[in-house]
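Below: one structure, written as structure tokens.
Below, chain A is the first sequence line, B the second, and so on; all start at residue 1.
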Amino acid sequence: MNIRRELEQRLSAAMSEAGGQDAPAIVAPSARPQFGDYQVNGVMSVAKRLKINPRELADKIVAAVDLSDIAENLEVAGPGFINITLKNDLLQQQIAESLTDEEHLSVPLAASQQTIVVDYSAPNLAKEMHVGHLRSTIIGDALARVLDFLGHTVIRQNHVGDWGTQFGKVILGMWHLCMEKVRNDPEYIERNYESLKAVSAEDDVAKRKEALLLIHNQQQEDLNNDWDGENAFHPYLKEVVRNKSLTLIDLLPAYQFVNLVESLAKGTGLIIDSPPKHKRVELAKVSSYVTKMLQETDKPKNRQEFKGWCYAKLLTRHKCDEIYYRLGVPLEHKYRRTRGESKYRKQLSKVIEDLEAKRLLEKSDGAQCVFPDEFKNKDGERLPVIVQKSDGGYLYATTDLAAIRYRVGTLPEGEKQLHADRILYVTDSRQALHFRQIFAVAKEAGFAPEGVSLEHVPFGTMMDKNNRPFKTREGGTVKLMDLLDSAERQALGLVNTKSPNLPEEQKLDIAKKVGIGAVKYFDLAHNRASDYVFSWDKMLALDGNTAPYMQYAYARIRSIFRKIKSTNYTNFTNILITDPAERALAVKLLQFSEAVQAVADESLPHLLCGYLFDLAGAFTTFYESCPVLKSDEPTRSSRLGLCEATGRTIRTGLGLLGIETVEQM
RNA sequence: ACGCCCGUAGCUCAGCAGGAUAGAGCGGCGGUUUCCUAAACCGCAGGUCAGAGGUUCGAGUCCUCUCGGGCGUACCA
């Protein structure tokens, strides 16, 4: 039962009956204990609007409403608050009832059941997942779990970056790896990367050109020797696939090498000649050229690009799966799918055609653009959304538009597609403008019908203690794998000191659940909108508002039940509330559904963390002041019931955040 | 330059359509263990809610301006 919603409905009705218009009563948990359990805040503003005395209106509402089954006498206080104290009978009966509903703890399902797509995680191809992917993965997973819990049909979409412009760089990187092997010069990439890095740091243009020219000449020579890939690149790919001899660890430096070469080559005028058609491509743009070929991959002549792509995709996928497995974010499920950008590749040209047909397309500097009405500054200057580059290539925006059509079901008939009422995009807040633009185009083009809710769920950046984006000591990105290793290792250290006598296997299991839980919870407990400062100490201090604090509270509860060797909870449904600590705990327990509902409404998982922390606090206070096993019946059974209800709520609540509990720690 | 976001205790953060005396954790100080897990609990100290105006019964929350920080703004994702 959602008490707050119930109170709000009845009081709002009473308000209009008392002549207070159809305004919401606005019920909130009370600010202080002496004001009861809930307070009504909405009376004053309505009274002001109607120019009547707020206390008189409050009196009328109190007279009109019937809360006899929920609350003790209502009290009008201060300028016009109504204070509500829940009946102990209600608390007792509600907790008893929730004990009979093991799965759902009496949390009501959402009023209207929707189909909701959650777009999250979305790592890039051929790069190892790093801390930047953590937030999207964890927040998206938590939101999906919560929405699912409330009865919605949740479809998870992992929009893997496997098709964008950067992918040309990956293939080009593979090509460089191939060439250094052919030339038997295994240090080539590493050597040149270092020398380029060195000259890029200084401000010496001549030196830079010199280093760049060396690479340029080598690249031109290699290309001349194997212009269609038949001599070297094809056989290389074949071998690599057969022997699985290329790893992400090889691929990353090659990718970085290409990146650096191209960024330094910008504006130098260095040209690579491609023999077949005497195509001349700027050194700085070779990878875009490769991308273009990839995007026309269904032409047989581009099959080497296609093959390289497939292989890199496979590599990434394996590595990502390891992470997802460790994080407990499962992928393969009826409603959980990896569906990368490439899946939309055949619809991209159709997107352009349809925009053209709606007369939304405009060519500007050679690129195909849409200019949504929404984006005009004061001078009427318009902001473009580029959907096709001047070289004909497609972009993130194009893919996202195609993805929207697939998700809401506005593709041409016959195509398999989803029919979402709501789509959540869990991405970095820096993409806010991008999504506003995409949503605007989708609405104007009719790709997303009016009723569909497109929502960007942005989150801030993880910072180091100097308030800079979180990096390794060397300045690189922190690999997610390393982060998780470290978390588990540190948690194991703690288990060893705190519970040295447990069997080794169990210690490892606890370390895993506590370590991973700590990482996830630390992230989820922050308001996702703001940047937050990452700290090993804070996360694994295992104090305060952390996963281990909650897990510890749970373990203590389990310990009680181990002592009495009982799993028959039906004995404990006779709840008697007498002690203030019991009452505070009971009220908190009842508010679980409010917290879950709030997370679903606002897409803010930290609200649930805050709730669980309060609950664990209420429990430990209870635990300190109210003996359970040593008290007499019927108090003993009642307190066992409260313990069981708390344990289930913590387990279920942490479960909704994707965090596991342990029986002992 | 324009746009979006942010500024709350020494540090890290909450503060839910404006509500009663702004809350936690860490750190600091002081206490609690013959008692169900001390990874715990209880108490104390610590605030001009960046600053200045305004709206009103009432502002950390809404509006305007100033200062400070972050991010974004045409072929990256």
Residue-phosphate contact under 4.0 Å: A:Tyr549 side-chain N/O, B:C41 OP1/OP2: yes

Short side-chain N/O contact from A:Lys48 to OP1 or OP2 of B:G58, under 4.0 Å: no

Touch class at under 4.0 angstrom, heavy-atom based, for A:Glu362 against every strand present: nothing

Sugar-phosphate, base or nothing in reach of A:Tyr532, heavy atoms under 4.0 Å: sugar-phosphate

Side-chain N or O of A:His159 closer than 4.0 Å to phosphate OP1/OP2 of B:A77: no

B:G18 versus B:G58 - spacing of their P atoms, nearest Å: 16 Å

d(OH, A:Tyr623; C1', B:C42) in whole Å: 16 Å

Sugar-phosphate, base or nothing in reach of A:Ser530, heavy atoms under 4.0 Å: sugar-phosphate

No-hydrogen, no-angle side-chain donor-acceptor test under 3.5 Å, A:Ser12 and A:Glu8: no

Donor-acceptor side-chain pairing of A:Asn527 and A:Tyr532 below 3.5 angstrom: no

Distance, C1' atom - from B:G60 to B:C42, rounded to whole angstrom: 29 Å

Test side-chain contact (heavy atoms from CB on, under 4.5 Å) applied to A:Val76 and A:Asn83, A:Val43, A:Ile61, A:Asp59, the passing residue: A:Asp59

Atom-pair distance (CZ on A:Phe435; P on B:C71), nearest Å: 19 Å

Base of B:A20 paired with side chain of A:Asn83 (donor-acceptor, under 3.5 Å): yes

For B:G53, the Watson-Crick or wobble partner whose two distances fall under 3.5 Å: B:C63

Under 3.5 Å: donor-acceptor pair, side chain of A:Thr399, backbone of A:Leu395: yes

Which residue lies more 5' along RNA chain B, comparing A:Pro384 with A:Val495 via nearest heavy atoms: A:Val495

Sugar-phosphate only, base, or nothing, as touched by A:Ala77 at under 4.0 Å among non-hydrogen atoms: base

Parallel, tilted or perpendicular: rings of A:His159 and A:Tyr344 (30°, 60°): tilted

Spacing between A:Arg382 atom CZ and B:C2 atom C1', to the nearest angstrom: 18 Å

Touch class at under 4.0 angstrom, heavy-atom based, for A:Gln431 against every strand present: base

Out of B:C76, B:C16, B:G19, whichever nucleotide has its closest atom nearest the side chain of A:Pro29: B:C16

Other residues, nucleotides, ligands: >12 heavy atoms within 6.0 Å of A:Lys343 NZ: no

Separation between the P atoms of B:U66 and B:C4, rounded to whole Å: 14 Å

Sugar-phosphate only, base, or nothing, as touched by A:Cys369 at under 4.0 Å among non-hydrogen atoms: base

Closest listed nucleotide, where the reference is the side chain of A:Leu433 and the choices are B:A24, B:G72, B:A20: B:G72

Pairing partner (Watson-Crick or G-U wobble, both distances under 3.5 angstrom) of B:C36: none

Partner nucleotide, any strand, of B:G27 [Watson-Crick/G-U, under 3.5 Å]: none

A:Lys292 NZ to B:C75 P, straight-line distance once rounded to whole Å: 18 Å

Salt bridge flag under 4.0 Å for residues A:Asp509 and A:Lys513: yes

Whole-angstrom distance between B:A20 and B:A59, as gauged at atom C1': 14 Å

Sugar-phosphate only, base, or nothing, as touched by A:Glu8 at under 4.0 Å among non-hydrogen atoms: base

P-based separation of B:A50 from B:U12 [nearest Å]: 15 Å

Touch class at under 4.0 angstrom, heavy-atom based, for A:Asn527 against every strand present: sugar-phosphate

Who pairs with B:G18 - Watson-Crick or G-U, where each distance is under 3.5 Å: none

Side-chain donor/acceptor of A:Gln34 to base of B:A20, under 3.5 Å: no

Quiz item: A:Thr620 side-chain donor-acceptor pair to B:C41 base, under 3.5 Å: no

Sugar-phosphate only, base, or nothing, as touched by A:Ile557 at under 4.0 Å among non-hydrogen atoms: nothing

Sugar-phosphate, base or nothing in reach of A:Gln664, heavy atoms under 4.0 Å: base

P spacing across the pair B:A1 / B:A45, given as an integer number of angstrom: 47 Å

Side-chain H-bond candidate by donor/acceptor type, A:Glu262 with A:Ser287, under 3.5 Å: yes

Pairing nucleotide - B:G68, Watson-Crick or G-U, each distance under 3.5 Å: B:C6

Nucleotide B:A77, atom P - distance to CG of A:Leu294 in whole Å: 12 Å

Mutual orientation of the aromatic rings belonging to A:His434 and A:Tyr396 [parallel < 30°, tilted 30-60°, perpendicular > 60°]: parallel

5' precedence on RNA chain B between A:Phe35 and A:Lys169 (nearest-nucleotide basis): A:Phe35

Any A:Thr621 side-chain nitrogen or oxygen under 4.0 Å from OP1 or OP2 of B:C42: yes

Nucleotide N/O to protein N/O under 3.5 Å, stretch nucleotides 26-35 of chain B:
| residue | atom | partner | partner atom | Å |
| --- | --- | --- | --- | --- |
| B:C35 | O2' | A:Lys630 | NZ | 3.4 |

Interatomic distance at C1', B:G10 relative to B:G46, whole Å: 9 Å

Modelled atom types, side-chain donor and acceptor of A:Tyr289 and A:Asp391, under 3.5 Å: no

Atom pair distance, as rounded to whole Å: CZ in A:Arg5 and C1' in B:C16: 16 Å

Among B:G25, B:C13, B:U37, the nucleotide that comes nearest once only the side chain of A:His526 is considered: B:C13

C1' gap between B:A9 and B:A22, integer Å: 11 Å

Check ion pair A:Glu633-A:Arg639 (N to O, under 4.0 angstrom): no

Sugar-phosphate only, base, or nothing, as touched by A:Ala555 at under 4.0 Å among non-hydrogen atoms: base

Pairing nucleotide - B:A1, Watson-Crick or G-U, each distance under 3.5 Å: B:U73

Between A:Tyr38 and A:Arg4, a side-chain donor and acceptor under 3.5 Å: no

Sugar-phosphate only, base, or nothing, as touched by A:Ser364 at under 4.0 Å among non-hydrogen atoms: base

Closest to side chain of A:Tyr552, choosing from B:G19, B:C13, B:A38: B:A38

Gap between atoms CD and C1', on A:Gln437 and B:C75 respectively (whole Å): 12 Å

Sugar-phosphate only, base, or nothing, as touched by A:Gln39 at under 4.0 Å among non-hydrogen atoms: base

Sugar-phosphate only, base, or nothing, as touched by A:Arg4 at under 4.0 Å among non-hydrogen atoms: base

A:Arg430 vs B:C5: side-chain N/O to OP1/OP2 distance below 4.0 Å: no

Integer-rounded Å distance: B:G25 C1' and A:Asp614 CG: 12 Å

